[in-house]
Colleague: 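Pasting a structure below so you can have a look.
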Amino acid sequence: DVKVTQSSRYLVKRTGEKVFLECVQDMDHENMFWYRQDPGLGLRLIYFSYDVKMKEKGDIPEGYSVSREKKERFSLILESASTNQTSMYLCATSTGQGRSGYTFGSGTRLTVV
Amino acid sequence: DAKTTQPPSMDCAEGRAANLPCNHSTISGNEYVYWYRQIHSQGPQYIIHGLKNNETNEMASLIITEDRKSSTLILPHATLRDTAVYYCIVRVAGNNDMRFGAGTRLTVKP
């Protein structure tokens with residue numbers, strides 16, 4: 001089975017800090033995604049990547065950036081964390097075949113104080 | 001991608017079949033129907049997907065109406081561990097970004 005590992009389960013950061021959320025997958029999946037999940041708002045797509053060094057904006061990219069230097073790793077970066085970025089962050093992967101489903105990581109619950 | 005409509009919540013008795021409906025009246029001919037579920041504090045889990053034929057796997061069955069405007073996910077013998085939020089999503093094959101709605105919160109009761 002594909003395993004998607006997110007580096008931290010819980011994270012507490014201070015306002016203004018630069019925050020890195022890491023996601024690593026152990027299969028050869030081309031596509032990787034970052035979502036955030038908030039009560040009442042569901043899952044919202046932040047950024048995604050179809051290949052190394054490429055990225056596409058999702059629905060809510062403001063305040064975030066991403067990095068994909070290697071196929072297996074997709075990093076979400078909060079350049080200057082703010083309290084409204086307190087959320088559950090979920091990473092997902094899929095193969096390059098369009099009909100395939102997604103595999104999600106367990107999530108990182110980030111609190112910005 | 002077409003939008004979907006799901007009831008916000010449903011209850012089901014343990015051991016009975018859970019039938020979760022989804023309306024997707026604006027679905028296009030090349031859009032697939034996907035179902036995921038999310039158990040509390042975990043990432044969403046893929047369940048099943050289909051285009052127009054009914055599908056079955058070890059987790060569930062997916063029934064898609066002939067006009068493809070709606071579908072039903074069936075958990076044949078619901079257990080307490082099936083309590084989760086279930087998401088119905090439609091998307092074009094090859095369109096790899098997937099949008100999630102609010103889903104249906106299924107509660108399986110003893």
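The basis for the numbers below is simple: all heavy atoms, side chains too, and nothing from hydrogens, waters or symmetry mates. In the text below, chain A, chain B and the rest are named by the order of the sequence lines, each starting its count at 1.
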Colleague: What part of A:Arg109 gets closer than 4.5 Å to chain B, counting heavy atoms only: side chain, backbone, both or neither?
Modeller: neither

Colleague: For chain B, which candidate among A:Leu43, A:Leu41, A:Leu45 shows the most heavy-atom pairs at distances under 4.5 Å?
Modeller: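 Ranked by contacts with chain B, first place is A:Leu43.
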
Colleague: For chain A, which candidate among B:Gly43, B:Gly101, B:Pro44 shows the most heavy-atom pairs at distances under 4.5 Å?
Modeller: B:Pro44

Colleague: Step through it carefully: locate the ring centre of A:Tyr35, locate the ring centre of B:Phe100, and say whether they are under 6.0 Å apart.
Modeller: yes

Colleague: If you count heavy-atom pairs within less than 4.5 Å of chain B, which of A:Gly42, A:Ser106, A:Ala92, A:Gly58 leads?
Modeller: A:Ser106

Colleague: If hydrophobic residues (ILVMFWY) are linked whenever their side-chain heavy atoms come closer than 4.5 Å, directly or via other members, who joins A:Met32 in its cluster?
Modeller: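 So far as hydrophobic clustering goes, A:Met32 is joined with A:Leu11, A:Val19, A:Leu21, A:Trp34, A:Ile46, A:Tyr47, A:Ile60, A:Tyr64, A:Val66, A:Phe74, A:Leu76, A:Leu78, A:Tyr89, A:Leu110, A:Val112.
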
Colleague: I'd like to know if the side chain of A:Tyr102 reaches the main chain of B:Met98, judged simply by a donor and an acceptor atom lying under 3.5 Å from each other, with no hydrogens or angles considered.
Modeller: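 Yes, the answer is positive, given that a donor and an acceptor are paired below the 3.5 Å cut-off.
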
Colleague: Quick check against the 3.5 Å criterion: does A:Arg68 have a side-chain atom that pairs as donor or acceptor with the backbone of A:Ser49?
Modeller: yes

Colleague: What part of A:Glu56 lies closer than 4.5 angstrom to a heavy atom of chain B: side chain, backbone, both or neither?
Modeller: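 Answer is neither: A:Glu56 stays 4.5 Å or more from chain B.
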
Colleague: Looking at A:Asp51 and A:Lys71, is there a salt bridge between them, counting it only when a charged N and a carboxylate O are closer than 4.0 Å?
Modeller: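 So A:Lys71 does not pair with A:Asp51 through a salt bridge.
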
